[in-house]
Amino acid sequence: MYEPIRTKSVHTMAEPCRRTRGPQRSREEELDIRLAGHLTALLTVTDELRALTPSPALDEAAQRLADRVTALSAGRPPLRATPTASGAAPSRVAALHQRAHTLAGQALVVATSCADAPGAALAAERLRAHATALGIADAG
């Protein structure tokens, strides 16, 4: 009743494509890459906050974030965007602190997963700092 299929399905193409991606990375390498990404995003938000509300604490945090990303990225310093500094409206500063708080939490989860103690300590410190800036009560 039906004619048999004589050509290969397009859905079987996924396996050969996977092999052409190059060498596979280990789980640890993937977690390091992910952690470096989260910390770089946190650094970008920190740079925005530094442009809007300059402070020595943010300067130090940005330097420590950049140093950690450099260590995770085999000595390559992170790319840094130029802050927009379009005005320090309280709602914009609060939104940036909220974004930084979220990114620090994500970095903390990844750093804990890959047992990166310096990354976890830095992420936890930034999480507390942004929680304080947002007026979030300390649960501990």
Distance from [X] atom [atom1] to [Y] atom [atom2], nearest 0.5 Å?
X    : Y    : atom1 : atom2 : result
Q98  : S91  : CD    : OG    : 13.0 Å
E30  : R25  : CD    : CZ    : 4.5 Å
L72  : R34  : CG    : CZ    : 14.0 Å
H97  : T46  : NE2   : OG1   : 9.0 Å
L127 : T132 : CG    : OG1   : 9.5 Å

Is any side-chain heavy atom of [Y] closer than 4.5 Å to one of [X]?
X    : Y    : result
L52  : L96  : yes
T44  : R80  : no
Q106 : T102 : yes
H130 : L103 : no
T70  : P78  : yes
E48  : R92  : yes

Exercise. Please indicate whether R50 has more than 12 foreign heavy atoms, meaning atoms of other residues, nucleotides or ligands, lying under 6.0 Å from its CZ.
Key: yes

For [X] and [Y], which heavy atoms make the closest approach, and how far apart are they?
X    : Y   : answer
A100 : V45 : CB-CG1, 3.7 Å
L58  : T53 : CD1-O, 3.5 Å
V69  : A36 : CG2-O, 4.0 Å
C114 : D32 : SG-OD1, 4.1 Å

Self-check item: Residue pairs involving residues 93-122 (criterion salt bridge (Lys or Arg N to Asp or Glu O under 4.0 Å); sequence neighbours excluded)
Solution: R68-D116

Quiz item: Looking at residues at least two apart in the chain, or sitting in another chain, which of them share a side-chain contact (heavy atoms from CB on, under 4.5 Å) with Q63?
Solution: D67

Exercise. State which residues pass side-chain contact (heavy atoms from CB on, under 4.5 Å) with S26; sequence neighbours excluded, sorted by chain then number.
Key: E28, E29

Self-check item: Hydrophobic cluster membership, L35 vs L122, 4.5 Å side-chain cutoff
Solution: yes

Quiz item: Are L43 and L108 co-members of a hydrophobic cluster defined by side-chain heavy atoms under 4.5 Å apart?
Solution: no

